[in-house]
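Notes for the one structure printed next.
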Amino acid sequence: AGNAAVSDEGSYLQGDVDIHDFPFVYVVLGPGGRPLARAIVSDSDSCPSIHLYDAPAPVVRVRAVGQSAAGDAEDPHDFPVKVCEAELPKETRGGTWGGRPLPLLTIHPVRYALVGDSGLRVKPKNDGTCRKFADKKDELYGLPVCEETGPFDPSLVKGDFQALDNWGMRAVFEAAARTNPHLVIHVGDMLYRQGPCAQDKGCEAINPDRLWGDTWRGWATDLFIPARSLLEAAPWVVVRGDHETCPRGGFGWFLFLDPSPYPDGVVGGHYCKTVTNAYEIPLLTQKLIVLDDSIVKPLGGQTGDWGGDDTPCLGGSVAYPRSRFDDPSQRPEDIEADLAHFAKQFALVRKAAEEFDQNIYISHRPLFGIACNGTDYVTLDWTMQTAARSVPGSLDRISLAIAGHMHWFQEIEWEKHGHPTQLVIGNSGTKLIHNTVRNESYYNGSLNVRGQWISRGWTTPNFGFVVLQRNGNGDQHSATPNFVHADGTATQDLGTIVMPRFSVRAKQSAARANTVA
C-alpha cells in the first residue's frame, strides 16, 4: 500500500553490442494469426537457409533491402540490412534459420509474456553542444536539428536521459525468456534513442558509433540485441507505440515489425504510414484484437493525459477524464478527425469480438489507466475512451485490455466487471515514472472511473514483465507481475492476479449487447 519510489536504480549489465551479429531471427503474428518469420542480414548477404523440425522448409522471400545513409536530416534512415521473410505453419515444433532457433508455434498458447516500453530513453533537446538550432520545422527522429555546435557546456543540457546502468531491458527480457512463453506481446514503444547522450548523463557510450535514431544502429541496440533471447523464445504480437510514429521510429517499424506486406520496389527503411487499421489474431479458444493508437496527441504533450507532477493525490472518489479540447495547442478539427478514425476502429473491434467468448484487446495506450495530476485522479486515454463510448457495445465482449505507455506496472479490476480488466505494462526497461497513485485508493469501491467502481488494483514503478497464464479449461487466467532486479533475479512482489472468467463475462456481455441492439 502507499506510494513506492522508483526503485530500480543500479547496475544493470548490458552485455555485448554487435550490430553485425547476423542473422537476427524472430516471428511476428499477423492478421488472421499468420506466423511471419523474419531474418535480418547484411544488405549484401543472401537470405539464409531455413529448416523446420516437422514440416517442409517454407518459401523464403526478400521483404525489403535497405541501404546506407548519412543519418542526418537530409538522409536520415540508415538501414544497410536485408529483411527476409517466410510464412510458417500455425502449428510447428520450430526449427532453425541461419543457425539461429525458430520458436515453437501453437494456436493454443497457455503462457504469455507481456512486455512494453523497453528502449533506452535518450531525448536530447540539447546535448550540451548545440549553440543554434535550425528552423523548428526541421526535425531528425522527432527532435530539432542543431546547425551550430561548440564545446560541451553542461548549462545547455536539456532533455531526458537514462543511464545505461539503469536500463533494465536486457535483464527483463532474459528473465521473461526463462519463463518459456508460448507467445510474447510487446505493447509498443521500442525505440527511445532519439539522439546523442549528454556527456554527464551516463549514456555517453552510445555516442561514438551513433547508436540512436530510426536507423539499423538505433533499432539493433534498442531492440534486437537486448531482446534476442525473447525474440527466439516465442512468436511475438507487436503493437505500434507513439515512439514508432513516422517522425520518430516509424520507418524501422514498417521495415522490421509491422505484419503487413512491404510495398514492392520500395527501398527498405523508406516507407511509413501514419496509421493502420485494427486487426485480429484468432487462436483456438480466444481472439486477440490489436489496435494502432500511435497517432493520438495527448493533452499538453505529456506522456499521458494527466500532465501532473510527482505529488500524490490525497483523496477523491472519481478519476476524471481530461479532454483534448481543453488543450489550446491542438486544433479542434484534428481532434474530431482522430475521434472519427478511432470510432471506425472500435466498430472493427466490436465486430471482431462477436466470434469468440474470450477476447483480449491489445493497444499501446491504456483504455482505463489511472494517474494523478498533483491534485486529482485522472483517467486515460481520453481519446480512446471517447471513441469507444461513441460505438455502443464496442467493449462489451472484451474481457482483458493490455497496454503500456505509462512507465510503470498497473493492474485494475472493476466491480461486476464493469470495464475490461486493465493491465498496463510500461515498465520493461525505459526510464520509469514515479507512482503518485495511492494504492489504497483501489480497494473497497473507493474510486470511480467512467461510471464504474474499481474493485482492486496496484500501481508500482519497478522494471519487469507479466506472465499471463491460462488456468484449467481456460475460463480463468492469472496474471503474475515479475519485477526484475539489477542482478537479473525476478521476484513476484504482488502475487497472482486472477482475471475475470472470460467466457462468463462474454455471455453476460452478449446479453447486454443484444438488449442494446
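Since this is a predicted model, take the numbers as computed values, not measurements.
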Pairing of [X] and [Y] as salt bridge, 4.0 angstrom limit:
{"X": "Glu354", "Y": "Arg397", "answer": "no"}
{"X": "Asp381", "Y": "Arg365", "answer": "yes"}
{"X": "Arg248", "Y": "Asp242", "answer": "yes"}
{"X": "Lys82", "Y": "Asp45", "answer": "no"}
{"X": "Asp334", "Y": "Lys297", "answer": "no"}
{"X": "Arg324", "Y": "Asp338", "answer": "yes"}

**OP:** Quickly, which of Thr276, Asn277, Asp292 forms a side chain to side chain donor-acceptor pair (under 3.5 Å) with Gln345? Name it, please.
**Re:** Asn277

**OP:** Taking all non-hydrogen atoms of both residues into account, name the closest pair between Ser294 and Thr274 and its distance.
**Re:**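 Looking at all heavy atoms of both residues, the closest pair is OG-O, 4.4 Å.
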
**OP:** Might you point out which heavy atoms bring Gln162 and Leu120 nearest each other, and give the distance in Å?
**Re:** O-CD1, 3.4 Å

**OP:** Might you work through the ring-ring contact (aromatic ring centres under 6.0 Å, His included) test for Tyr26 and Phe224, ending with a clear yes or no?
**Re:** CA-CA 9 Å; Tyr26 54 102; Phe224 289 103; 5.4 Å; yes

Subject >> Full working for side-chain contact (heavy atoms from CB on, under 4.5 Å) between Leu395 and Phe368 >> reply: CA-CA 12 Å; Leu395 301 179; Phe368 297 104; 4.0 Å; yes

Subject >> His243 ring center within less than 6.0 Å of Tyr192 ring center >> reply: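 Ring centroids of Tyr192 and His243 are less than 6.0 Å from each other.
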
Original post:
Below 6.0 angstrom between ring centroids: does that apply to Phe256 and Phe24?
Top reply: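 No.
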
Ignoring hydrogens and angles, write down the donor-acceptor pairs under 3.5 Å from the side chains of residues 261-273, residues two or more places apart or on other chains.
residue : atom : partner : partner atom : Å
Tyr262  : OH   : Val267  : O            : 3.4
Tyr262  : OH   : Gly269  : N            : 3.0

Subject >> Any donor-acceptor pair under 3.5 Å from Gln194 side chain to Val122 backbone >> reply: no

Original post:
side-chain contact (heavy atoms from CB on, under 4.5 Å) with His364: which of His405, Glu244, His186?
Top reply: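 Result: among His405, Glu244, His186, His405 is the only option passing the side-chain contact (heavy atoms from CB on, under 4.5 Å) with His364.
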
